[in-house]
*Asks:* 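Sharing a structure below in structure tokens format, with a few things to ask.
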Amino acid sequence: MNKDIYLSNTLAGKKEIFKPINEKKIGMYVCGPTVYDDPHIGNARPLVIFDILFKVLKCKYGKSSVTYVRNITDIDDKIIESSKQKKIPINKLSENITKSFNQDCEYLKCEKPSFEPKATENISLMIDMINILLKNGNAYENSSNVYFDVSTFKDYGKLSNKNIDELLAGARVEVSKNKKNPEDFVLWKPSNDDEPGWDSPWGRGRPGWHLECSAMSKKFLGDTFDIHGGGRDLIFPHHENEIAQSRCANGNKSFSNYWVHNGFITISNEKMAKSQGNVFKIKDFHSKYNGQVLRLALISTHYKQPLDWNDNLLIQSQKTLDKWYECYKAPKGKVLIDEKDLSPLYDDLNTPGYISNIHKLYDKAAKGSDKDKEIFTTACNFIGLLTEPKSSWLEFKKRNLNISEKEILQKIKERNIARDNKNYELADKIRNELLDKGVLIEDKDDKTTWKLK
RNA sequence: GGUAACGUGGCGGAAUGGUUACGCAGAGGAUUGCAAAUCCUUGUAUCCCGGUUCGAUUCCGGGCGUUACCUCCA
């Protein structure tokens with residue numbers, strides 16, 4: 001499609017036309033999980049959003065032209081802490097959580113990124129980068145710690161619109177006697193014997209939080225690439241620090257040209273936080289809802305907007321998908337989505353606008369030909385919906401049913417006898433009983449059929 | 001205090017310098033033993049105050065309000 005893609009670029013502070021460095025080699029890096037606890041629905045939002053951006057980029061520039069990298073941070077103080085708390089060895093914990101993360105991605109119908117590098121497999125690259133920063137005078141060592149010297153990077157604060165003086169006025173930055181300045185951040189820190197560590201020129205230790213993204217984006221996408229994504233909260237300090245490290249280590253070249261950040265999820269209008277006790281894990285929904293329901297809920301609001309998570313949201317999403325599955329028809333061969341229908345996604349990933357177009361395609365499909373149904377289904381597939389056949393959608397719902405098919409048919413038989421005898425009171429009672437169990441009765445012509453509510 | 005996002009009908013949520021989103025819920029109708037499902041029809045909105053304009057919900061300024069980040073966090 002010839003249409004241009006637009007993205008809201010945090011670095012520019014506005015929506016911009018997307019111009020790739022090289023149309024045949026587009027690079028997108030998205031901050032993946034730190035594997036210390038099961039992913040929550042807040043983590044689910046960027047997973048789905050950037051999955052769709054990946055699809056849109058591939059649609060415009062071709063499948064093989066887009067490289068999507070999403071890291072797994074498997075060394076971090078949070079993991080060490082969590083491991084102590086849960087009394088699980090660190091390796092085992094990060095392995096378990098990584099597995100759980102992958103299950104969640106599958107559940108949410110996210111396709112695999114091109115690369116999913118792990119921090120622990122790239123420590124030597126991080127050490128290399130620290131060496132360059134030390135050599136360039138952007139970093140200094142003190143008692144086996146290595147710090148980045150923020151004062152040496154004059155663009156520090158550009159992404160988050162902060163200047164260092166104001167930052168210090170807040171004075172909540174960690175002050176350490178090892179640091180020259182409070183705003184400096186750790187590149188390398190020593191490890192105790194009971195903590196994971198790697199040999200380095202500064203002794204046995206481990207990398208600081210931000211370094212893995214700088215090292216791994218360089219490895220897979222080069223010094224300069226197109227898009228860097230993540231949640232809003234990562235703008236400062238994480239992404240600001242990544243920019244500082246990478247540009248100073250890579251000859252001050254531009255790092256990522258476009259910075260895309262998704263908004264937060266609130267729970268019934270309250271901040272989701274451990275202290276509030278309202279953190280929902282993605283896992284919590286596995287048995288009750290098909291992953292598509294969460295996926296639709298997550299994209300029902302524009303990615304930059306806050307999204308409130310509540311029962312009504314999930315009920316509506318479930319209902320919409322139930323309706324849409326009525327028109328499901330697996331496309332045979334290649335079916336094209338109309339440019340006009342697709343265009344909201346090109347305009348800064350306007351998913352609600354696109355969903356509205358799907359509703360229109362549904363109306364057409366509902367009274368149209370098989371071809372219309374295939375077009376409708378293809379449009380859903382594009383954003384990762386209706387990606388499993390109807391049978392499997394229904395199968396999932398049946399699993400939550402606490403009545404057997406045999407019993408249902410028996411009840412229908414009883415009800416029809418009652419109806420023949422004009423005992424409508426009993427007939428309605430049976431129908432309501434079935435309805436309570438999630439079974440919906442339909443009398444069509446002379447036949448009674450049932451389906452899941 | 002600093003930085004940013006946002007304020008649209010009963011709810012969710014787009015777009016737009018003048019007319020229309022879309023979904024859910026509601027109302028009326030067709031159908032039905034009654035329903036359900038389906039189909040048809042339909043009402044309701046742009047935080048406040050200025051400015052620009054023939055005309056602003058949309059652009060500009062001010063105010064009020066909500067939220068986030070500035071500390072680990074998607």
Side-chain angles (χ1 to χ4, degrees), chain A residues 8 10 13 30-34 36-37 39-50 76-78 81-82 157 159-163 165-174 183 209 229-238 240 261-266 269-275 279 282 296-308 310 312-313 315-320 322-324 326 344 347 350-360 362-363 366-367 418-425 427-428 431-432 434-435 439-445 448-451 453:
Chain A
S8 284
T10 309
V30 175
C31 289
T34 300
Y36 70 102
D37 205 353
H40 52 71
I41 52 167
N43 302 107
R45 196 171 189 193
L47 287 176
V48 171
I49 291 297
F50 291 103
D76 185 270
D77 287 4
K78 281 202 295 293
E81 221 171 275
S82 177
L159 180 74
S160 52
N161 280 306
K162 289 180 196 309
N163 65 56
D165 298 339
E166 275 167 7
L167 214 61
L168 295 180
R172 285 198 283 181
V173 218
E174 183 203 345
E183 67 272 22
W209 172 33
R232 289 199 66 80
D233 55 322
L234 295 179
I235 295 172
F236 189 90
H238 184 54
E240 198 71 73
H261 292 105
N262 64 270
F264 261 43
I265 286 177
T266 54
N269 284 316
E270 278 183 12
K271 183 184 164 147
M272 180 170 79
K274 276 193 181 152
S275 54
V279 176
I282 299 173
L296 179 59
L298 287 165
I299 59 176
S300 63
T301 300
H302 186 94
Y303 76 86
K304 280 194 300 185
Q305 301 272 57
L307 168 65
D308 190 51
N310 53 59
N312 194 35
L313 178 71
I315 291 166
Q316 278 212 22
S317 300
Q318 170 81 46
K319 226 168 142 176
T320 302
D322 272 328
K323 183 175 141 184
W324 284 357
E326 292 295 316
D347 184 9
N350 183 353
T351 46
Y354 185 70
I355 289 168
S356 154
N357 287 343
I358 290 181
H359 279 297
K360 287 175 196 162
Y362 169 85
D363 282 342
K367 46 192 127 167
R419 289 172 74 208
D420 287 342
N421 296 330
K422 299 217 185 299
N423 187 352
Y424 295 122
E425 207 177 312
D428 288 350
R431 187 179 60 210
N432 288 332
L434 285 170
L435 197 62
V439 176
L440 203 72
I441 298 289
E442 285 179 23
D443 298 322
K444 252 188 240 159
D445 304 323
T448 300
T449 55
W450 68 276
K451 64 181 188 183
K453 194 178 138 197

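Below, all heavy atoms of this structure are taken into account, side chains as well, without hydrogens, waters or symmetry copies. Throughout, a chain's letter reflects where its sequence line sits, starting with A, and its residues are numbered from 1.
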*Asks:* Paired with B/C39: which nucleotide, if any, by Watson-Crick or G-U wobble criteria at under 3.5 Å for both distances?
*Replies:*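 Paired with B/G29.
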
*Asks:* In whole angstrom, give me the gap between the P atoms of B/G9 and B/U58.
*Replies:*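 Per the computed distance, 15 Å lies between those P atoms.
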
*Asks:* Between A/D322 and A/K319, is there a salt bridge with N-O shorter than 4.0 Å?
*Replies:*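 Between A/D322 and A/K319 there is no salt bridge, as every charged N stays at least 4.0 Å from the carboxylate O atoms.
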
*Asks:* How far, in whole Å, is B/G63 from B/U16 if one measures between their C1' atoms?
*Replies:* 25 Å

*Asks:* For nucleotides 33-40 of chain B, read 5' to 3', which letter fits each nucleotide if B means a protein heavy atom sits under 4.0 Å from the base, S means only the sugar-phosphate is that close, and - means neither?
*Replies:* BBBBS--S

*Asks:* What is the distance, rounded to the nearest whole Å, between atom CD1 of A/I235 and atom P of B/A74?
*Replies:*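 Distance, rounded to whole Å: 14 Å.
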
*Asks:* Testing A/V48, A/T351, A/N262 one by one against A/Y303 for a side chain to side chain contact (heavy atoms under 4.5 Å, CB included), which residue passes?
*Replies:* A/N262

*Asks:* Return the value, rounded to whole Å, for the distance between atom NZ of A/K319 and atom P of B/C22.
*Replies:* 18 Å

*Asks:* Rounded to whole Å, how long is the line connecting atom CG of A/L298 with atom P of B/G13?
*Replies:* 13 Å

*Asks:* Taking the side chain as C-beta and beyond, is there a heavy-atom pair between A/T266 and A/L307 under 4.5 Å?
*Replies:* no

*Asks:* Let me spell it out: for each of A/F264 and A/T320, pick the nucleotide of RNA chain B with the closest heavy atom. Which residue's pick is nearer the 5' end?
*Replies:*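 Final value for this comparison: A/T320.
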
*Asks:* Choose from B/C69, B/G13, B/A74 the nucleotide whose nearest atom is closest to any side-chain atom of A/P352.
*Replies:* B/G13

*Asks:* With rounding to the closest Å, how many angstrom separate the C1' atoms on B/G12 and B/A45?
*Replies:* 14 Å

*Asks:* B/G7 P sits how many Å from A/L307 CG, rounded?
*Replies:*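 Between P of B/G7 and CG of A/L307: 15 Å.
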
*Asks:* Without decimals, in angstroms, what is the distance between A/I358 CD1 and B/G13 P?
*Replies:* 18 Å

*Asks:* What distance, rounded to whole Å, do you find between the two C1' atoms, one in B/U71 and one in B/G55?
*Replies:*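 Approximately 50 Å lies between the C1' atom of B/U71 and that of B/G55.
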
*Asks:* For B/A14, take OP1 and OP2 only and decide whether either is under 4.0 Å from a side-chain N or O of A/S356.
*Replies:* no

*Asks:* With a 4.0 Å cut-off on heavy atoms, is A/I315 in touch with a base, just the backbone sugar-phosphate, or nothing at all?
*Replies:* nothing

*Asks:* What distance do A/E326 atom CD and A/Y362 atom OH have between them, rounded to the nearest 0.5 Å?
*Replies:*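 Going from CD on A/E326 over to OH on A/Y362, the span is 6.5 Å.
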
*Asks:* When the C1' atoms of B/C54 and B/G17 are considered, how many whole Å apart are they?
*Replies:*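 Each nucleotide's C1' atom is 12 Å from the other's.
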
*Asks:* With a cut-off of less than 4.0 Å, is there a side-chain N or O of A/Q305 near OP1 or OP2 of B/U67?
*Replies:*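 The answer is no; no side-chain N or O of A/Q305 sits under 4.0 Å from OP1 or OP2.
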
*Asks:* Measuring only the C1' atom in each nucleotide, how far is B/A37 from B/A30? A whole number of Å is fine.
*Replies:* 14 Å

*Asks:* Rounded off to whole Å, could you give me the OH-to-P distance for the A/Y354 and B/A15 pair?
*Replies:* 17 Å

*Asks:* In whole Å, what is the span from the OH atom of A/Y36 to the C1' atom of B/A74?
*Replies:*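 Result: 10 Å.
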
*Asks:* So, OP1 or OP2 of B/U3: does either fall under 4.0 Å of a side-chain N or O from A/N161?
*Replies:*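 The answer is no; no side-chain N or O of A/N161 sits under 4.0 Å from OP1 or OP2.
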
*Asks:* I want to confirm an ordering. Mapping A/T34 and A/K360 to their closest nucleotides on RNA chain B, which one lands closer to the 5' end?
*Replies:*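 Result of the comparison: A/K360.
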
*Asks:* Taking A/D347 for the side chain and A/P344 for the main chain, is one N or O donor matched with an acceptor at less than 3.5 Å?
*Replies:* no

*Asks:* For the pair A/T448 and A/R419, evaluate side chain to side chain contact (heavy atoms under 4.5 Å, CB included) and give the outcome as yes or no after the intermediate values.
*Replies:* CA-CA 11 Å; A/T448 300; A/R419 289 172 74 208; 3.7 Å; yes

*Asks:* Rounding to an integer number of Å, can you tell me how far A/N357 CG sits from B/G23 P?
*Replies:*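 Result: 11 Å.
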
*Asks:* Whom does B/G12 pair with, Watson-Crick or G-U wobble, provided both distances fall under 3.5 Å?
*Replies:*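 Because both required distances fall under 3.5 Å, B/G12 counts as paired with B/C22.
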
*Asks:* Under 4.0 Å between any heavy atoms, over every strand shown, what does A/G231 touch: base, sugar-phosphate, or nothing? Just pick one.
*Replies:*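 Answer is sugar-phosphate: A/G231 comes under 4.0 Å of backbone atoms only.
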
*Asks:* Which nucleotide, in any strand shown, forms a Watson-Crick or G-U wobble pair with B/A45, with both distances under 3.5 Å?
*Replies:*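 Pairing partner: none.
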
*Asks:* Got a list of side-chain donor-acceptor pairs under 3.5 Å for residues 231-238 of chain A, not counting sequence neighbours?
*Replies:*
from, atom 1, to, atom 2, distance (Å)
A/H238, ND1, A/H210, ND1, 2.9
A/H238, NE2, A/E242, OE2, 3.0

*Asks:* Hey, does A/R232 reach any base, or is it just sugar-phosphate, or nothing, if we go heavy atoms under 4.0 Å?
*Replies:*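 Answer is sugar-phosphate: A/R232 comes under 4.0 Å of backbone atoms only.
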
*Asks:* So, the side chain of A/N310 versus the backbone of A/N312: is there a donor-acceptor pair under 3.5 Å, distance only?
*Replies:*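 Side chain of A/N310 to backbone of A/N312: a pair is present.
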
*Asks:* Scan A/N350 against the nucleic acid and name what it touches under 4.0 Å (heavy atoms): base, sugar-phosphate only, or nothing.
*Replies:* sugar-phosphate

*Asks:* Tell me the partner of B/U57, counting only Watson-Crick (N1-N3 plus N6-O4 or O6-N4) or G-U wobble (N1-O2 and O6-N3) with both under 3.5 Å; none if nothing fits.
*Replies:* none

*Asks:* For B/G65, give its Watson-Crick or G-U wobble partner with both distances under 3.5 Å, or none.
*Replies:* B/C6

*Asks:* Describe the nucleic acid contact of A/H302 in one word from base, sugar-phosphate, nothing, applying a heavy-atom distance below 4.0 Å.
*Replies:* sugar-phosphate

*Asks:* Minimum heavy-atom separation for A/A44 and A/I282, please, with both atom names.
*Replies:*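 Reported closest heavy-atom pair: CB-CD1, 3.7 Å.
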
*Asks:* In whole Å, what separates the P atom of B/U3 from that of B/U42?
*Replies:*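 To the nearest whole Å, 50 Å.
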
*Asks:* Measuring only the C1' atom in each nucleotide, how far is B/U46 from B/G7? A whole number of Å is fine.
*Replies:*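 Approximately 10 Å lies between the C1' atom of B/U46 and that of B/G7.
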
